[in-house]
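First up is the structure itself, then whatever we jot down about it.
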Amino acid sequence: MAAGLGTKRLNKELAKITNGLPPGITLVSADNLEEWFLDIQVLDKNPIYAGQTYRLKFKFSDKYPIEPPEVTFVKLETRPIPMHPHIYSNGIICLDLLGNQGWSPVQNVESVAMSLQSMLTGNTKNERPPGDEEFVRGNRLRPRDINFYYHDNTV
């Protein structure tokens, strides 16, 4: 990442989140300014996510914060991909906040993680998006290059 606005912004964000994040959100690693990992947990009594911890990967382009980071869930042995109608089984998240149309440079890593935590907290459907298997099998695009149609913001 070229030195500039993005570098300054990410260094500032890293300094802030190193000093603490909201409950249920933990910085796992931020070894460079291109890729960070955070764990999130749903802290309420939602039975879909009880006792689970999920891993988020943030990838930053040299245009951050003007462009959104690429945010996906990562599957590990102890970190499943959460069940949600807007989260594909390969970890890609269909959320307008993560697309160019819904993104605003006032957002940051902490606010995105909190939004995802809130999205999980409010979910009552233990299901994947329609067409999940076909999408996962056929998609070759990076998450930021997918033009999602946001049709249901109630979940």
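What you see below is based on every heavy atom in this structure, not just the backbone, and it leaves out hydrogens, waters and symmetry mates. FYI, the numbering just counts along the sequence from 1.
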Please collect all salt bridge (Lys or Arg N to Asp or Glu O under 4.0 Å) contacts where either partner lies in residues 41-50, sequence neighbours excluded, each pair once.
none

Enumerate the residue pairs fulfilling salt bridge (Lys or Arg N to Asp or Glu O under 4.0 Å) with a member in residues 77-95, sequence neighbours excluded, ordered by first and then second residue.
Asp39-Arg79

Check the orientation of Phe60 and Tyr64. Use parallel for under 30°, tilted for 30 to 60°, and perpendicular for over 60°.
perpendicular

Give a yes or no on whether the backbone of [Y] and the side-chain of [X] come within a donor-acceptor separation of less than 3.5 Å.
{"X": "Gln117", "Y": "Gln41", "answer": "yes"}
{"X": "Glu13", "Y": "Val109", "answer": "yes"}
{"X": "Asn123", "Y": "Met119", "answer": "no"}

Between [atom1] of [X] and [atom2] of [Y], what distance do you get to the nearest 0.5 Å?
{"X": "Met83", "Y": "Leu120", "atom1": "CE", "atom2": "CG", "value": "12.0 Å"}
{"X": "His84", "Y": "Asn126", "atom1": "NE2", "atom2": "CG", "value": "11.0 Å"}
{"X": "Leu21", "Y": "Ile40", "atom1": "CG", "atom2": "CD1", "value": "11.5 Å"}
{"X": "Arg128", "Y": "His86", "atom1": "CZ", "atom2": "NE2", "value": "13.0 Å"}
{"X": "Asn32", "Y": "Leu14", "atom1": "CG", "atom2": "CG", "value": "10.5 Å"}
{"X": "Ile17", "Y": "Leu10", "atom1": "CD1", "atom2": "CG", "value": "9.5 Å"}

List the steps, then state whether side-chain contact (heavy atoms from CB on, under 4.5 Å) holds for Val112 with Leu95.
CA-CA 10 Å; Val112 169; Leu95 180 64; over 6 Å; no

Would you say the side chain of Gln52 lies within less than 4.5 Å of the side chain of Pro80, judging by non-hydrogen atoms?
yes

What pairs with [X] under side-chain hydrogen bond (donor to acceptor under 3.5 Å, both in side chains), at least two apart in sequence or on another chain?
{"X": "Asp132", "value": "Ser89"}
{"X": "Tyr54", "value": "none"}
{"X": "Lys16", "value": "Glu110"}
{"X": "Glu35", "value": "none"}

Do you know which two heavy atoms are closest between [X] and [Y], and how far apart they sit?
{"X": "Leu27", "Y": "Ala30", "result": "CD1-CB, 4.2 Å"}
{"X": "Ala15", "Y": "Asn19", "result": "O-ND2, 3.1 Å"}
{"X": "Pro68", "Y": "Leu98", "result": "CG-O, 3.4 Å"}
{"X": "Ala113", "Y": "Phe58", "result": "N-CZ, 4.3 Å"}
{"X": "Ile93", "Y": "Val71", "result": "CD1-O, 3.7 Å"}

Could you work out, with side chain to side chain contact (heavy atoms under 4.5 Å, CB included) as the rule, every residue matching [X], not counting sequence neighbours?
{"X": "Asn11", "value": "Thr7, Leu33"}
{"X": "Ser115", "value": "Leu97"}
{"X": "Asp31", "value": "Ser29"}
{"X": "Pro65", "value": "Leu5, Arg9, Pro105"}

Verdict with reasoning, Thr121 to Asn46, per side-chain contact (heavy atoms from CB on, under 4.5 Å):
CA-CA 7 Å; Thr121 298; Asn46 188 327; 5.7 Å; no

According to salt bridge (charged side-chain N to carboxylate O under 4.0 Å, His left out), who are the partners of Lys75, at least two apart in sequence or on a separate chain?
none

Does Phe135 form a side-chain contact (heavy atoms from CB on, under 4.5 Å) with Asn90? I'd like the steps, not just the answer.
CA-CA 9 Å; Phe135 174 81; Asn90 62 357; 4.2 Å; yes

With a cutoff of under 4.5 Å between side-chain heavy atoms, which Ile, Leu, Val, Met, Phe, Trp and Tyr residues group with Val28?
Phe37, Val74, Leu76

Tell me, with the steps shown, if Leu56 and Trp36 meet side-chain contact (heavy atoms from CB on, under 4.5 Å).
CA-CA 8 Å; Leu56 287 171; Trp36 295 2; over 6 Å; no

